[in-house]
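See below for the structure under consideration.
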Amino acid sequence: MELKNVILEKEGKIAILTINRPKALNALNSETLKDLDMAISEIEKDNDIYAVILTGAGEKAFVAGADIVEMKDYNQEQGKEYGLLGNKVFRRIEKLDKPVIAAISGFALGGGCELSMSCDIRIASEKAKFAQPEAGLGITPGFGGTQRLARIVGIGKAKELIYTCDMIKADEALRIGLVNKVVPLENLMDEAKAMANKIASNAPIAVKLCKDAINRGMQVDIDSAIEIEADDFGKCFATEDQKEGMTAFVEKRAKNFQNK
């Protein structure tokens, strides 16, 4: 697998996925989106990866947005196809059966903010800045921003940010719930790795089913959501990891999960 604009590395049970276009502030052109798609396929196939960190190369930007140079001359149909490509890739990240942590160093604007919102957890450096500036460019958010931002921070705040194109700093992003944690820039990857390793120390099938229950449950009524949870809860009892986890608890010893 040859990736031009994305770097995929593995550290123990953690995959680190880096958008690597620092000269373009890691802007998402079609080639980069396709690289991301291929990298996700590799991560999906690797049963030894239990958690993923998604970040951008350099300190200036996580991802500064979709590539305006590429899309400025699109017609209506081309614009829709570009939006569908980004949404397909981001949805795959959202549905990936391994937790994904966004480590956000600098600008997360437009498609960058949307990419971060497709991840399960967002850790930002103190220098990070967020915005959905699309209306100021004559377009709407096209990679899920109108949908995920409202679900994360509430409809009123999402409309304010999208309509005004206001840029917010990391502390404000934390206050409104857009990010989970803000840390000094020099500690960003260490914090992300510490959280990823903490997640990876738990039973990976159980974590996968927790993600499934939360994601699917948020899209339906509470009664249907409880049914989803009960079904995923029951599936755990068909795993060796459930037997190991509970036996280790009773025997007061360390757990040894095998992802089975």
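Both backbone and side-chain heavy atoms feed into the values below; hydrogens, waters and symmetry mates do not.
Between Glu244 and Arg253 a salt bridge is recorded (basic side-chain N to carboxylate O distance below 4.0 Å). Note on Lys193 versus Glu11: salt bridge recorded, some NZ/NE/NH1/NH2 to OD/OE distance being below 4.0 Å. For Lys157 and Glu160, the salt-bridge test passes: some basic side-chain N is under 4.0 Å from an acidic carboxylate O. Asp171 and Arg175 are not joined by a salt bridge, as no carboxylate oxygen comes within less than 4.0 angstrom of a charged side-chain nitrogen. In summary, Lys255 and Asp241 do not engage in a salt bridge, as defined by a charged side-chain N under 4.0 Å from a carboxylate O.
Contacts classified as side-chain hydrogen bond (donor to acceptor under 3.5 Å, both in side chains) and involving residues 128-139 (residues at least two apart or in different chains) are given here: Gln132-Glu134. Listed by first and then second residue, the side-chain hydrogen bond (donor to acceptor under 3.5 Å, both in side chains) pairs involving residues 85-106 are Asp37-Lys88, Asp37-Arg92, Ser41-Arg92, Glu44-Arg92, Arg91-Glu94, Glu94-Arg148 (not counting sequence neighbours).
Other residues, nucleotides and ligands contribute at most 12 non-hydrogen atoms within 6.0 Å of the CD atom of Gln76.
Here the closest non-hydrogen pair linking Ile176 and Val153 is O-CG1, 3.6 Å.
The closest side-chain heavy-atom distance from Tyr82 to Tyr74 is below 4.5 Å. Counting heavy atoms from C-beta outward, Ile121 and Ile199 have side chains that approach closer than 4.5 Å.
Leu188 and Met117 are assigned to two separate hydrophobic clusters, defined by single-linkage of ILVMFWY side chains at heavy-atom distances under 4.5 Å. When the side chains of ILVMFWY residues are joined at heavy-atom separations under 4.5 Å, either directly or via intervening members, Phe62 and Leu161 end up in a single hydrophobic cluster.
Asp212 contributes no side-chain N or O that, together with a main-chain N or O of Asp232, makes up a donor-acceptor pair within less than 3.5 Å.
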- prompt: Which is it for Leu96 and Val52 under the side-chain contact (heavy atoms from CB on, under 4.5 Å) test, yes or no, and what are the steps along the way?
  reply: CA-CA 10 Å; Leu96 186 66; Val52 181; 4.1 Å; yes
